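Have a look at the structure below before the remarks.
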Amino acid sequence: MILFATLLPFAAASVISRSVDRLPTQEDTSTIGLNDAAHYANKLYFGTATNYGEFNDTMYFHLLDDIHMFGQLTPAKAMKWAKTEPERGVFTFEQGDQIAALARQSGKYLRGHNCVWYNRLPAWVTNTTWTAPELAEVVQEHCYNIVRHWRGQIWDVINEPFNDDGTWRETLWYTTLGTKYISLALHAASKADPHAKLYINEYNITGTGPKATSMKKLIKDLKLAGVPIDGVGVQAHEVVGKVPNDIRKNLEEFVALGVEVAITELDVMFYTLPPDEAGLQQQRKDFETIVGACAAVERCVGVTVWDFTDKVSPGIATVFTSHYHRSTCLKYSWIPGTFPGSGDACPWDNNLQKKPAYYGIVNGFEKKR
C-alpha cells in the first residue's frame, strides 16, 4: 500500500547557478560570504543544518537567510520519522514545510534528512513486532510519501547503516530485512521522485578506513544491482587536531564509483573548553583541510555545517542526557548536549561572531584556484 501525501510545489533543482565575475582577492577574505566562496570554487553551495525553533532568534535568522552566506538548508530534525509520521499513515509536514519555505523564498537548495535511520522513530515503529513483508511495506510507504511531498530535493535516504568497524549496524531494519532495506528505501524514493538526488549518509567516513571501505562496497553492490544511488554524504563530525590526512583520496575513491559526494554535517569540536588561541588556529586549519579536500574533488558538490553557531539553549546542561537523539529541546550545535564539557565546533561563536574557523572555510575553497 502506497499512501499519497499532499505535494509541496518546490524544487531545489530550479535554483539557478550564480555567475562568477571574479575570484576573491586576499583582501576579500574577511567579508566574503561562505556560499559565495563555494561558488567561486565551482561548488553548488555552502549550507547549514537548522531547526525551526531557531527562527525566532533575530540575529541567527538574519545570517541563516543570507544567500551570500548559505545556499543550502538541511532540516536537522523536522523531516525525521518521528516528526513526519508519528502514527502510521498520518503524515505531519508542518515543521519541514517551514524550513522548505525559507529555502524557497531565499533561493537555497533543500536537503531532505532523512528517510530511514535507527533513531528518532515513533513508538508505533519500535514497539511493534514486524514480519519482513510488513516492515518492507512500512519502509516503502514512509520513503515514498516524504520524498514525494518534498520532491525535487537532495535526499539522505539512508542514514548511518554501519558500525565503526565496518559491520552492519544491528537496527530494526537490518535485523528484520537484512541489507534489503537499503534497496527498498532507495527504490521507493526514486519512484516518488525520479529527479531527486538520492544519498546514503554516514559519519566517520571522512578518511579511509573500515567504515569507508564498507560504504564503497555497498555503493558498488547497489550500482551492480541497478539500485538508484546518486551520492555519498560524508558527515565529517571531527575533533580539533584529529582530522584525517587522506580526505581527498577518500573522496576521489567514492566518486570513482560513479557517484557524487558532499560534506553534509561538518563540525570540528574541542573536547575541553574553553579553547585557547592555538586551539582556535588549529580548528581553522582543520576546517580548511576538510573544505579544501572537497574543493579539490570535482564531484564533491558542496559543504554543509551541522548548524553554524556555538550557541546552546538555556539550561542545556540540566536538560540533556548523553543520548542526544532523544532530546526535543536542543537548539544550535548538538555537541554540548551529547558530550558535556565539549563543543565550540562551529564557524561562529556563541555571540554569532566569526571565529578563525570561518576564514579556514574561505581558505579551503580558495584551494580550488
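Just so it is clear, the structure is predicted and the values come from calculations on it, not from any experiment. This chain uses plain numbering: 1 for the first residue, then up along the sequence. Both backbone and side-chain heavy atoms feed into the values below; hydrogens, waters and symmetry mates do not.
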Donor-acceptor side-chain pairing of Asp97 and His149 below 3.5 angstrom: yes
Ala76 backbone acceptor or donor facing Lys80 side chain under 3.5 Å: yes
Face-on cation placement of Lys108 at Tyr45 ring, 6.0 Å and 45° thresholds: no
Pair Trp168-Asn163, side chain to side chain contact (heavy atoms under 4.5 Å, CB included): steps then yes or no: CA-CA 6 Å; Trp168 287 92; Asn163 295 312; 5.9 Å; no
CA sep, side-chain torsions, deciding dist, call: Val232, Glu202, side chain to side chain contact (heavy atoms under 4.5 Å, CB included): CA-CA 8 Å; Val232 173; Glu202 184 61 274; over 6 Å; no
4.5 Å side-chain heavy-atom contact, Glu238 and Asp286: no
Step-by-step ring pair (Phe, Tyr, Trp, His ring centres under 6.0 Å) determination, Tyr271 to Phe339: CA-CA 8 Å; Tyr271 273 136; Phe339 304 104; 7.5 Å; no
Validation row, ring centre Trp173 to ring centre Tyr118 under 6.0 Å: no
Cys pair Cys300, Cys294: SG separation below 2.5 Å: yes
Glu54 backbone acceptor or donor facing Asn51 side chain under 3.5 Å: no
Parallel, tilted or perpendicular: ring planes of Trp130 versus Trp124, cut at 30 and 60 degrees: perpendicular
Donor-acceptor pair between Asp246 and Thr208 side chains, under 3.5 angstrom: yes
Under 3.5 Å donor-acceptor, Gln283 side chain and Val268 backbone: yes
Over all atoms of both residues, closest heavy-atom pair of Ala49 and Thr304: N-CG2, 3.9 Å
Asn350 versus Lys311, closest heavy-atom pair with distance: O-CG, 3.0 Å
Test item: Glu85 side-chain N/O and Gly89 main-chain N/O as donor-acceptor pair under 3.5 Å: yes
Over 12 foreign heavy atoms within 6.0 Å of NZ, Lys223: yes
Rounded distance [0.5 Å steps], CD in Gln140 versus CG in Leu135: 10.0 Å
More than 12 heavy atoms of other groups within 6.0 Å of Glu277 CD: yes
Gln353 backbone acceptor or donor facing Asn351 side chain under 3.5 Å: no
Beyond-backbone contact of Thr50 with Pro75, side-chain heavy atoms, under 4.5 angstrom: no
Test log, rule side chain to side chain contact (heavy atoms under 4.5 Å, CB included), inputs Glu252 and Arg299: CA-CA 8 Å; Glu252 288 173 339; Arg299 295 197 70 194; over 6 Å; no
From Tyr60, Trp334, Tyr332, residue fulfilling side chain to side chain donor-acceptor pair (under 3.5 Å) relative to Asp307: Tyr60
Flag side-chain contact, heavy atom, 4.5 Å: Trp155 against Ile146: yes
Arg88 and Glu137: CA distance, side-chain angles, deciding distance, salt bridge (charged side-chain N to carboxylate O under 4.0 Å, His left out) verdict: CA-CA 11 Å; Arg88 187 171 186 182; Glu137 185 176 72; 3.0 Å; yes
Trp117 versus Glu160, side-chain donor and acceptor atoms under 3.5 Å: yes
Test applied, salt bridge (Lys or Arg N to Asp or Glu O under 4.0 Å); reference residue, Lys355; option that passes from Asp344, Asp310, Asp349: Asp310
Between Thr74 and Gln72, a side-chain donor and acceptor under 3.5 Å: yes
His68 side chain vs Ile32 backbone, donor-acceptor pair below 3.5 Å: no
Flag if over 12 foreign heavy atoms under 6.0 Å of NZ, Lys216: yes
Test side chain to side chain contact (heavy atoms under 4.5 Å, CB included) applied to Ile361 and Glu288, step by step: CA-CA 5 Å; Ile361 293 170; Glu288 180 178 346; over 6 Å; no
Parallel, tilted or perpendicular: rings of Phe365 and Phe46 (30°, 60°): perpendicular
Any donor-acceptor N/O pair, Asp165 side chain to Thr167 backbone, under 3.5 Å: yes
Residues Arg111, Asp156: salt bridge by 4.0 Å N-O rule: yes
Cation over ring face, Arg284 and Tyr358, 6.0 Å, 45°: no
Flag if over 12 foreign heavy atoms under 6.0 Å of OH, Tyr52: no
Thr289 to Pro244 - nearest heavy-atom pair and separation: CG2-O, 4.4 Å
Side chains of Leu222 and Leu186 in contact at under 4.5 Å (non-hydrogen atoms): yes
Expected output: side-chain Asn35 to main-chain Met69 donor-acceptor under 3.5 Å: no
Aromatic ring pairing Phe70/Trp348, orientation class (parallel under 30°, perpendicular over 60°, tilted between): tilted
Side-chain (Glu134) to main-chain (Thr131) donor-acceptor, under 3.5 angstrom: yes
Closest contact, heavy atoms only, Ala236 versus Thr206: CA-OG1, 3.4 Å
Val291 side chain near Leu266 side chain, heavy-atom distance below 4.5 Å: yes
Ring-face cation of Lys211 near Tyr203 (centre distance under 6.0 Å, axis angle within 45°): yes
